[in-house]
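Inspection log for the structure reproduced underneath, given as structure tokens.
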Amino acid sequence: MGNSRSGALSREILEELQLSTQFTQEELCAWYQSFLRECPGGRITRQQFQGIYAKFFPDADPKAYAEHVFRSFDANSDGTLDFKEYVVALHMTTAGRPSQKLEWAFSLYDVDGNGAISKSEVLEIVMAIFKMINPEDAKHLPDDENTPEKRADKIWGFFGKKDDDKLTEEEFIEGTLANKEILRLIQFEPQKVKERLKEKEKNP
């Protein structure tokens with residue numbers, strides 16, 4: 001049948017991805033073809049990944065956030081994502097169980113990869129999120145979360161941590177599952193964007 005060079009996904013990788021994600025063989029094969037069109041070498045670089053993100057947020061600056069997302073999925077830290085890492089990333093952010101998504105969110109916020117989150121790391125990711133918020137949407141944010149510093153303080157406060165404390169993965173996941181407010185604050189989901197999407201559904 002040919003190998004991955006000729007555009008076919010190897011049987012082992014296909015079976016492994018079907019087991020570890022909820023995607024079908026047809027979906028995986030179709031994504032592989034489009035992945036190879038975008039990245040003929042079979043690997044996606046940080047710059048290419050940032051370029052894909054930029055298309056999603058044309059009126060914002062997603063570069064810093066995209067870099068953190070890329071880092072969290074670059075399993076072997078080689079500066080590129082292969083198809084397997086890319087699909088696991090897709091699965092984690094879209095179809096994964098809430099606990100799986102939070103495991104990924106933890107790795108996103110654990111900037112230095114030491115297994116714990118500090119308040120400064122929360123601030124770093126929140127600052128990257130704020131660069132993606134349209135200035136018009138930012139005007140409508142509540143007073144206690146309308147700057148990166150205020151939002152980081154609010155998140156940290158919900159976990160009941162002192163400024164120099166650290167947050168373990170278990171504390172992060174349990175706290176976030178128990179409090180929907182934390183989940184809202186750690187994600188990039190400005191309220192106005194949600195409202196616009198709802199309007200589009202009503203008036204396509």
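Quick note: numbers below take in every heavy atom, side chains included, and nothing from hydrogens, waters or symmetry partners.
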*Please work out which of the three classes, parallel, tilted or perpendicular, describes the rings of Y86 and F35, given edges at 30° and 60°.*
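Tilted, since the angle between the ring planes falls between 30° and 60°.
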_For F73 and W104, take the angle between the two ring planes, folded into 0 to 90°, and tell me which bin it lands in: parallel under 30, tilted 30 to 60, perpendicular over 60._
parallel
*Should K154 and D144 be marked as a salt bridge (Lys or Arg N to Asp or Glu O under 4.0 Å) after you check the CA-CA gap, both sets of side-chain angles, and the distance that decides it?*
CA-CA 7 Å; K154 196 170 178 179; D144 63 347; 3.1 Å; yes
Between [X] and [Y], what is the shortest heavy-atom contact and its length?
X	Y	result
I117	W156	O-CH2, 3.4 Å
F130	T147	CZ-C, 3.6 Å
I186	Y109	O-OH, 2.8 Å
L177	P98	CD2-CB, 4.2 Å
E85	N76	OE2-OD1, 3.3 Å
S72	V69	OG-O, 2.7 Å

Look up atom [atom1] in [X] and atom [atom2] in [Y], then write down how far apart they are to the nearest 0.5 Å.
X	Y	atom1	atom2	answer
H140	N146	NE2	CG	12.0 Å
L17	E27	CG	CD	12.0 Å
N179	R184	CG	CZ	10.0 Å
D112	E124	CG	CD	9.5 Å
E15	L9	CD	CG	10.5 Å
I44	Q50	CD1	CD	10.5 Å

*Would E181 and I155 satisfy side-chain contact (heavy atoms from CB on, under 4.5 Å), going step by step from the backbone distance to the final call?*
CA-CA 9 Å; E181 274 292 278; I155 292 168; over 6 Å; no
*asked:* More than 12 heavy atoms of other residues, nucleotides or ligands under 6.0 Å from NZ of K63: yes or no?
replied: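 Result for NZ/K63: open.
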Quick check: do [X] and [Y] have side-chain heavy atoms less than 4.5 Å from each other?
X	Y	value
L167	V122	no
F159	D165	no
T24	C29	no

Donor-acceptor check, side chain of [X] to backbone of [Y], threshold 3.5 angstrom: yes or no?
X	Y	value
W31	V87	no
E145	K150	no
R71	S107	yes

*Applying salt bridge (Lys or Arg N to Asp or Glu O under 4.0 Å), name anything that partners D110, two or more places apart in sequence or on another chain.*
none
*When hydrophobic residues are tied together by side-chain contacts of less than 4.5 Å, even through go-betweens, does F106 share a cluster with L123?*
no
_Are M127 and L185 linked, directly or through intermediate hydrophobic residues, by side-chain heavy-atom contacts shorter than 4.5 Å (ILVMFWY only)?_
no
Should the pair [X]-[Y] be classified as a salt bridge under the 4.0 Å nitrogen-to-oxygen rule?
X	Y	value
E12	K84	no
K119	D153	yes
K166	E171	no
R43	D78	yes

_Using side-chain contact (heavy atoms from CB on, under 4.5 Å), reason through Y65 and L108 one step at a time and then give a plain yes or no._
CA-CA 9 Å; Y65 188 72; L108 179 71; 3.8 Å; yes
*Can you sort out the partners of F49 under ring pair (Phe, Tyr, Trp, His ring centres under 6.0 Å), two or more places apart, ordered by chain and number?*
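F49: ring pair (Phe, Tyr, Trp, His ring centres under 6.0 Å) contacts with Y53, F70.
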*Side-chain donor-acceptor contact under 3.5 Å, E38 with Q48*: no
_Evaluation steps, side-chain contact (heavy atoms from CB on, under 4.5 Å), between D137 and L141_ = CA-CA 7 Å; D137 289 339; L141 291 169; over 6 Å; no
*In chain order, what residues pass the side chain to side chain contact (heavy atoms under 4.5 Å, CB included) check against K131, with sequence neighbours excluded?*
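Once residues adjacent in sequence are excluded, the partners of K131 under the side chain to side chain contact (heavy atoms under 4.5 Å, CB included) criterion are D61, A64.
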